[in-house]
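Take a look at the structure below.
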Amino acid sequence: MEDIDDHCHQRAHVLVGAVKLGILAWEKAEPEALGIADVARERGHSAMVFELDDLRCDPGPAGAVATIQGTPLSEFDLILCRCDLSTPPWTEKIQQLLLLNGEPGVTVLDPLEVHIRAASKRAMIHQLTLHGIPVPPTKECHSAADVRAALDAWGQVVVKPALGYRGLDVERLLEGPTTSALELTETLLERHGTLLCQPYLAHKGDFRVLIIGSKVSSCTRFDTAGDDWKPFSGDLADDPVSSALIEPSDELASLALQAVKATDLTMAGVDIIMSESGLTVIEVNPVPGWAAWTPEMARVPNVHLVEFAETQVNARGSVSAQSARGWR
Ligand SMILES: Nc1ncnc2c1ncn2[C@@H]1O[C@H](COP(=O)(O)OP(=O)(O)O)[C@@H](O)[C@H]1O
Ligand SMILES: [Mg+2]
């Protein structure tokens, strides 16, 4: 097996000029985006935190100019994309992201196609399956009859919104097609339109492996068990279950890296559980969060992200220098 140390973050010594960094945040006050921006400024870069709605198509002398809070998009070197694609309306969001991804010379991490494929739970699970990553069997459900068929096949199931985050409306149905299970299903179908249904994989402990720049940045173990079977209850007012940073086993780190590679993301949070059938990837999340961490802990991914941005801009600089030499 490959040496996992090769994939873990070492202090990078990257020589790079000031980077003009844009951080597309889930929301303006998002602590992760603000923390990344602070680290970037400490290191001599400029950083702007913005939301999708700050991105505009403005008139220009030759037609249309893409701007972020009034600054032309073309003035940025690199955009870190942490926008919320877990909620509608995708029709508008995709158009905003197309604008953001359309400027030659501005690197967007991760690019639109990669980001939306990971944000769509069904497409993400499909992609992982194609790459041989262990994931739960997953059935798309549009009616209570669909969920009932899954219960008949699997006994105990989990239903979840086709698009979602933070455990919201992720429910386990352990008692078969009872009246209350079918009522809950109807409520969720009304709310979300499409649900995904999977066998319920009993487990104790959830792992979240944070990958930045295709390397392991950290690994958290959430103490899930019994009624606290999810790291986040689904009620936004609740704290997550207790957790601790751990050193991931080689197997865990390697699975997380393979999962992220399968999605083509360069940064992601990989949710992994250990069930009877071994390590199983539940989700590769393109917008990982660490807002609940202490400032010291949160600084680690913030620094890793800025180092990664520096590496990307640096690599692009040497690529364009090389191609410029080729022209002479
Ligand atoms: N098939 C499953 N079997 C057992 N637990 C699951 C299953 N799917 C999800 N979970 C639990 O629910 C949590 C949230 O599910 P997830 O699909 O990651 O949704 P979200 O995007 O809301 O985080 C997971 O971290 C895991 O603890
Ligand atoms: Mg999750």
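Because the structure is predicted, anything quoted here is derived from the model rather than measured. We use all heavy atoms of the structure for the numbers below, so side chains are in, but hydrogens, waters and symmetry mates are not. Read the numbers this way: they start at 1 and go in the same order the structure lists the ligands and their atoms.
- Counting heavy atoms only, Asp206 comes closest to atom 24 (C) of ligand 1 of the residues Asp271, Asp206, Asp228.
- In this structure, atom 18 (O) of ligand 1 lies nearest to the protein heavy atom Glu283 OE1, 2.8 Å.
- Scanning the protein heavy atoms around atom 2 (C) of ligand 1, the nearest turns out to be Val158 CG2, 3.6 Å.
- Near Gly164, meaning under 4.0 Å from any of its heavy atoms, are these atoms of ligand 1: 21 (O).
- A salt bridge links Asp169 with Arg191: the distance from a Lys NZ or Arg NE/NH1/NH2 to an Asp or Glu carboxylate oxygen falls below 4.0 Å.
- The atom of Glu283 nearest to the Mg ion (ligand 2) is OE1, with the search restricted to N, O or S atoms.
- Distances between N or O atoms of Gly167 and those of ligand 1 include at least one value under 3.5 Å.
- A salt bridge links Asp227 with Arg172: at least one charged nitrogen is closer than 4.0 Å to a carboxylate oxygen.
- The closest side-chain heavy-atom distance from Ser120 to Met124 is not below 4.5 Å.
- Using the six-membered ring where Trp is involved, Tyr200 and Trp229 have ring planes that are perpendicular, over 60° apart on the 30 and 60° scheme.
- Looking only at protein heavy atoms, the nearest one to atom 6 (C) of ligand 1 is Trp229 CZ3, 3.8 Å.
- Taking the charged nitrogens against the carboxylate oxygens, Lys20 and Glu75 have no contact shorter than 4.0 Å, which rules out a salt bridge.
- Of all protein heavy atoms, the one lying nearest to atom 5 (N) of ligand 1 is His203 CE1, 3.3 Å.
- Residue Arg166 approaches ligand 1 through these ligand atoms, each under 4.0 Å from one of its heavy atoms: 20 (P), 22 (O), 23 (O).
- Contacts with ligand 1 closer than 4.0 Å are made by heavy atoms of both the backbone and the side chain of Leu201.
- The part of Pro199 lying near ligand 1 is the backbone, judged by heavy-atom distances below 4.0 Å.
- Ligand 1 lies nowhere less than 4.0 angstrom from a heavy atom belonging to Phe232.
- Between the side chains of Asp84 and Thr87, at least one donor N or O sits under 3.5 Å from an acceptor N or O.
- For the pairing with Thr280, the side chain to side chain contact (heavy atoms under 4.5 Å, CB included) check across Leu255, Ile133, Leu201 returns one residue only, Leu201.
- At a threshold of 4.0 Å, the pair Glu171-Lys160 does not count as salt-bridged, since none of the basic side-chain nitrogens sits closer than that to a carboxylate oxygen.
- For ligand 1, none of its N or O atoms has an N or O atom of Ile282 under 3.5 Å away.
- Considering only non-hydrogen protein atoms, atom 17 (O) of ligand 1 sits nearest to Lys160 NZ, 2.8 Å.
- For Pro231, no nitrogen or oxygen atom sits less than 3.5 Å from a nitrogen or oxygen atom of ligand 1, counting backbone and side chain alike.
- A heavy-atom separation below 4.0 Å is not found between Arg172 and ligand 1.
- Note on ligand 1: Gly234 sits outside its first shell, no heavy atom being nearer than 4.0 Å.
- With Leu52 as the partner, the side chain to side chain contact (heavy atoms under 4.5 Å, CB included) test is satisfied by one option alone out of Glu92, Gln96, Glu27: Gln96.
- Contact check on Lys28 versus Asp54 returns a salt bridge, with a Lys/Arg side-chain nitrogen under 4.0 Å from an Asp/Glu carboxylate oxygen.
- Here's the thing with Tyr200: none of its N/O atoms is less than 3.5 angstrom from an N/O atom of ligand 1.
- Distances between N or O atoms of Lys230 and those of ligand 1 include no value under 3.5 Å.
- Between Leu21 and Asp77 there is no side-chain heavy-atom pair separated by less than 4.5 Å.
- With contacts defined as side-chain heavy-atom distances shorter than 4.5 Å, the pair Asp146/His142 qualifies.
- Distances from the Mg ion (ligand 2) to each N, O or S atom of Asp271 single out OD2 as the nearest.
- A centroid separation of less than 6.0 Å is found between the aromatic rings of Trp26 and Tyr165.
- The atoms of ligand 1 that sit less than 4.0 Å from any heavy atom of Lys121 are 16 (P), 17 (O), 19 (O), 20 (P), 21 (O).
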